[in-house]
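Shown next, in structure tokens, is the structure this report addresses.
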Amino acid sequence: MPSQRAGKVNRITAAAKISTNTTAATNTTVNPVIAVIGGYFNDLLNKIPLPRWAIYAIFVAGVLLILLCCLCVCIKCCCRGNKKKQKKKERVSLKALNGKTSTALVQPDVGDVDYGATKKQRGKLLYSLEYNAALTELMVGIKQANSLLSADLGGSSDPYVKVYILPDKNKTCETKVFKNTLNPAFNEQFPFQITKASLLKSTVVMQVFDFNRFTKHEIIGELRMPLGEVDWNHVIEEWKDLAEPAKFEEENLGEICFSLRYVPAAGKLTVVILEAKNLKSMDIGGSSDPYVKVQLALDKRKWKKKKTSVKKKTLNPYYNESFTFDVSFQQIQRVHLVISVWDHDTMSRNDAMGKIFLGCDATGNQLRHWADMLSNPRRPVAQWHSLLSAEQINSTLNLKHKIPLPSKPF
């Protein structure tokens, strides 16, 4: 029995030695690599001046961020795939063709096409037309609008309506601006002097715009009513859908930006001409030499004027020039401010490129700018304005000769 036990112990000892040798051999081949890598990371972690838990937290956050980015990329790829599938489904489908003629394969009839896109709805406008033959006066009423197309990011608009008559277009009227609404109630009327013979050959245009103080006003839609087709035996009042605006008739004379500041206590009106853009080219080379004239009229009589410097060969001049006028608080209600852009010519007469006027008798955006100046005394109020033709402004204002200066006492 003792000899058997001894033999058993010897076998166990030998097996232990073999396993120890095997483990040692394995450790000598694997442990050095792991030890080097572990030592490198240990040294790297020791150099970072943060506790270990913070380092681990940052590592986990980084991994999660990478996973989130991968997820977003996958979702985007899936959305693109779905859009492509939808586009394939939305292709124009043709009804059965008889195939007897080649033209059927090239250009199908309108009735054979199923259009997926619907016409853009721009809203409706309620207007009225009344003609007084005795006074040769056409009265255009802008009552209200409904369900206008939203032009702003918030899903609303700041609408106003511009009214004029073609082909003469010697007068343009504008309603007040209504803020943040798609259903404005204007209730304004505009008279136009026109003979019966001219009336039958004319067209009244009513354009709905979205007001923007510092950018170009976006047109929402328009109505064009040929006056020769109207029954003038009674007053016309009706709703009509706004149509897409025509782009062939409106002449773009450019825009001008300026600020107004009025100090009632000092009686000072300050006009700062900032810049203009997209002006009409007047020279042969497709450019112009523009300058701006700032003029005051008191009681429809020319009063004071100043002008900016001339900017050579440009349609987008930058001025930033300031002009101050003495205008008392009693006079500010009777004053008209006329801003006009001119092309400078050395050898010939200077040409008017466009004009606008502001004052208590102005309309639309011009009246709004003037009212904002009066309601915010001592603060400059800047705004962009679209230039109109000089003939149109001159006929509307009809300014008289300059105010005679009081004679000086001897």
Side-chain angles (χ1 to χ4, degrees), residues 140 160-177 188 190-194 202 204-205 207 209 211 216-217 249-260 269 271 273-280 282 288 290-308 315 317 319 323 325 327 332-344 349-371 373 383-403:
V140 181
Y160 71 94
V161 182
K162 185 185 291 186
V163 184
Y164 56 90
I165 295 177
L166 295 176
D168 295 334
K169 200 183 176 181
N170 54 12
K171 180 181 179 181
T172 300
C173 301
E174 295 180 2
T175 68
K176 295 178 182 177
V177 179
E188 295 188 44
F190 305 105
F192 293 87
Q193 293 297 323
I194 185 170
S202 300
V204 63
V205 181
Q207 295 178 320
F209 284 86
F211 173 82
K216 186 177 181 180
H217 301 171
E249 164 265 315
E250 187 78 20
E251 186 180 15
N252 184 18
L253 299 178
E255 299 173 78
I256 187 167
C257 182
F258 56 90
S259 74
L260 301 177
L269 172 63
V271 182
I273 304 298
L274 297 170
E275 59 179 313
K277 62 183 180 180
N278 302 324
L279 296 179
K280 184 179 179 181
M282 305 292 287
S288 297
Y291 69 93
V292 181
K293 187 186 292 184
V294 182
Q295 184 177 25
L296 286 184
L298 182 62
D299 296 329
K300 293 289 185 80
R301 289 183 178 272
K302 298 176 183 178
W303 186 23
K304 303 175 182 180
K305 65 179 179 181
K306 297 181 181 181
K307 61 182 181 180
T308 67
L315 300 179
Y319 298 100
F323 306 98
F325 300 91
V327 182
I332 198 68
Q333 304 291 335
R334 297 147 46 205
V335 159
H336 288 95
L337 172 66
V338 182
I339 306 290
S340 55
V341 183
W342 296 75
D343 175 48
H344 176 75
R349 188 178 179 181
N350 297 338
D351 299 316
M353 302 169 68
K355 280 188 179 185
I356 58 166
F357 80 92
L358 295 86
C360 293
D361 294 337
T363 59
N365 299 316
Q366 289 75 30
L367 178 60
R368 180 183 181 84
H369 195 180
W370 191 258
M373 176 198 72
Q383 186 174 316
W384 280 95
H385 293 272
S386 296
L387 292 168
L388 302 173
S389 67
E391 294 80 9
Q392 183 175 333
I393 297 300
N394 293 341
S395 63
T396 303
L397 272 180
N398 194 20
L399 296 180
K400 298 171 185 174
H401 294 295
K402 192 171 182 179
I403 296 175

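As the structure is a prediction and not an experimental result, all values here were calculated from the model. All values below come from the heavy atoms of this structure, side chains included, with hydrogens, waters and symmetry mates left out.
Between Leu298 and Val327, every side-chain heavy-atom pair lies at or beyond the 4.5 Å cut-off. In this structure, Leu315 and Ser288 have side chains that are in contact, with non-hydrogen atoms separated by less than 4.5 Å. Ser340 places none of its side-chain heavy atoms less than 4.5 Å from the side chain of Lys307. Taking the side chain as every heavy atom from C-beta outward, Phe258 and Ile356 approach each other to under 4.5 Å. Within the 4.5 Å cutoff, side-chain heavy atoms of Leu260 are placed close to those of Val271. Contact of the Gln207 side chain with the Tyr164 side chain is registered, since non-hydrogen atoms from C-beta on lie closer than 4.5 Å. At least one side-chain heavy atom of Ile165 sits under 4.5 Å from a side-chain heavy atom of Ser202. Annotation: side chain of Leu296 is in contact with side chain of Leu337 (closest heavy-atom distance under 4.5 Å).
For Thr308 (side chain) and Val292 (main-chain N/O), a donor-acceptor pair under 3.5 Å exists by modelled atom type. Looking only at distances, no side-chain donor or acceptor of Thr363 sits under 3.5 Å from a matching main-chain atom of Cys173. In this structure, Lys162 contributes its side chain and Val205 its backbone to no donor-acceptor pair below 3.5 Å. A donor-acceptor contact shorter than 3.5 Å links the side chain of Glu188 to the backbone of Lys176.
For Lys305, the NZ atom counts as loosely surrounded, since its 6.0 Å shell holds 12 or fewer non-hydrogen atoms of other residues, nucleotides or ligands. Counting heavy atoms of neighbouring residues, nucleotides and ligands inside a 6.0 Å radius, atom NZ of Lys306 exceeds 12 of them.
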What do the steps show when you test Leu253 against Val341 for side chain to side chain contact (heavy atoms under 4.5 Å, CB included), and what is the final call? CA-CA 10 Å; Leu253 299 178; Val341 183; over 6 Å; no

Report the C-alpha distance between Val338 and Lys302 in whole Å, list the side-chain angles of each, state the deciding distance to 0.1 Å, and finish with yes or no for side chain to side chain contact (heavy atoms under 4.5 Å, CB included). CA-CA 10 Å; Val338 182; Lys302 298 176 183 178; over 6 Å; no

Walk me through whether Thr396 and Phe357 qualify under side chain to side chain contact (heavy atoms under 4.5 Å, CB included). CA-CA 10 Å; Thr396 303; Phe357 80 92; 4.0 Å; yes

Applying side chain to side chain contact (heavy atoms under 4.5 Å, CB included), run through Leu269 and Met373 and close with a yes or a no. CA-CA 10 Å; Leu269 172 63; Met373 176 198 72; 3.6 Å; yes

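Listed here is the closest heavy atom pair of Met353 and Pro290: SD-CB, 4.2 Å. Contact between Gln392 and Ser395 at its shortest, heavy atoms only, is O-OG, 2.9 Å. Minimum heavy-atom separation, Asn365 to Phe211: OD1-CD1, 2.8 Å.
Here CD of Gln295 is found 9.5 Å from CD1 of Ile339. Values are rounded to the nearest 0.5 Å. Separation of atoms OG1 (Thr172) and CG (Leu388) is listed at 5.5 Å; rounding is to 0.5 Å. Once rounded to the nearest 0.5 Å, the distance linking CD of Gln366 with CG of Leu358 reads 5.5 Å. Note that CH2 of Trp384 and NE2 of His369 are 12.5 Å apart. Values are rounded to the nearest 0.5 Å. Atom CD of Glu174 is separated from atom NE2 of His217 by 8.5 Å, given to the nearest 0.5 angstrom. Going from atom CG of Leu397 over to atom NE2 of His336 covers 5.5 Å, rounded to the nearest 0.5 Å.
Taking the ring-ring contact (aromatic ring centres under 6.0 Å, His included) definition, one finds that Phe323 meets it with nothing, sequence neighbours left out. For Tyr319, there are no ring-ring contact (aromatic ring centres under 6.0 Å, His included) partners two or more places apart in sequence or in a different chain. For the ring-ring contact (aromatic ring centres under 6.0 Å, His included) test, residues two or more places apart in sequence or in another chain that qualify with Phe209 are Tyr160.
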